[in-house]
Amino acid sequence: MEMSYSKSQLFALVFLRILIGWHFLYEGLLKLLNPLWTSEGYLMGSTGPLQRFFHWLGGSDLMGIIDVLNITALILIGLSLTLGFRTRTFSYVGIVLLVLYYLAYPPLPGLELSAPAEGSYFIVSKNLIEAVALFVLIKFPTSAFFGIDQFFAKRIKTT
């Protein structure tokens, strides 16, 4: 199915993709460059429906692996979205990661939050909004128009 976007629609979608990518990349690099960073406190403070699972992870011997996986996922998602490479695949990975973050600290009535929040949320948080934005990017792919995937799309058409 051929998709056509106006220039302003395409710009808005690409800009959204790059901004979300930058956010993931920045978060991953920040954690990578901080030798004291660990997700243990975040996991152990979880108050959501998967609280027991997150507490088990936070208290397990797997913390080193979990931290490396988290940092790696953040950086790869960020690079993918920023550069326009395999954005659909990495958008799905980003959605899974954001949903896990959301479930660790869902802004639901009656749940006490132990993680610092930037604002006061009620049901909808920035993690949920960003996950939905990634879903929109999956439905309106832009990397074939602007990104590394554009190069591969042209090569496939010419062969």
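In what follows, every heavy atom counts, from backbone to side chain, and hydrogens, waters and symmetry copies are set aside. The residues of the chain are indexed from 1 along the displayed sequence.
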Provide the full list of side chain to side chain donor-acceptor pair (under 3.5 Å) pairs with a residue in residues 10-21, sequence neighbours left out, each pair given once. R17-T142
If a pair satisfies side chain to side chain donor-acceptor pair (under 3.5 Å) and one of its residues is in residues 90-101, list it, with sequence neighbours excluded. N70-Y101
Could you pull out all residues at least two apart from E40 that satisfy side-chain hydrogen bond (donor to acceptor under 3.5 Å, both in side chains)? none
Check the hydrophobic clustering (I, L, V, M, F, W, Y; side-chain heavy atoms under 4.5 Å; chains of links allowed) and say if [X] and [Y] are grouped together.
{"X": "L50", "Y": "V96", "result": "yes"}
{"X": "V99", "Y": "L134", "result": "yes"}
{"X": "V132", "Y": "L100", "result": "no"}
{"X": "L83", "Y": "F11", "result": "no"}
{"X": "I129", "Y": "I123", "result": "yes"}

For [X] and [Y], work out which heavy atoms get closest and say how close.
{"X": "F135", "Y": "I95", "answer": "N-CD1, 3.8 Å"}
{"X": "L81", "Y": "G21", "answer": "CB-CA, 3.5 Å"}
{"X": "M63", "Y": "S39", "answer": "CE-OG, 3.2 Å"}
{"X": "P106", "Y": "G48", "answer": "CD-CA, 3.4 Å"}

Apply the test side-chain contact (heavy atoms from CB on, under 4.5 Å) to residues K139 and V136: give CA-CA distance (whole Å), side-chain angles for both, the deciding distance (0.1 Å), then the verdict. CA-CA 5 Å; K139 296 300 176 185; V136 169; 5.8 Å; no
Please tabulate, one pair per line, all N/O donor-acceptor pairs under 3.5 Å involving side-chain atoms of residues 22-30, not counting sequence neighbours.
unit_1 : atom_1 : unit_2 : atom_2 : d
H23    : ND1    : E130   : OE1    : 3.2
H23    : ND1    : E130   : OE2    : 2.9
E27    : OE1    : K31    : NZ     : 3.1

Answer yes if the ring centres of F54 and Y42 are under 6.0 angstrom apart, and no otherwise. no
Can you tell me which residue pairs pass the salt bridge (charged side-chain N to carboxylate O under 4.0 Å, His left out) test with a partner in residues 51-70, sequence neighbours excluded? none
Roughly how far apart are [X] [atom1] and [Y] [atom2], rounded to 0.5 Å?
{"X": "L97", "Y": "N127", "atom1": "CG", "atom2": "CG", "answer": "9.0 Å"}
{"X": "F146", "Y": "L13", "atom1": "CZ", "atom2": "CG", "answer": "13.0 Å"}
{"X": "L74", "Y": "L69", "atom1": "CG", "atom2": "CG", "answer": "11.0 Å"}
{"X": "S60", "Y": "I66", "atom1": "OG", "atom2": "CD1", "answer": "4.5 Å"}
{"X": "I75", "Y": "L79", "atom1": "CD1", "atom2": "CG", "answer": "7.5 Å"}
{"X": "I65", "Y": "T72", "atom1": "CD1", "atom2": "OG1", "answer": "11.5 Å"}

With sequence neighbours excluded, residues passing side chain to side chain contact (heavy atoms under 4.5 Å, CB included) with L128: Y102, V124, S125
Can you check whether T47's main-chain N or O pairs, donor with acceptor, with Y105's side chain at less than 3.5 Å? no
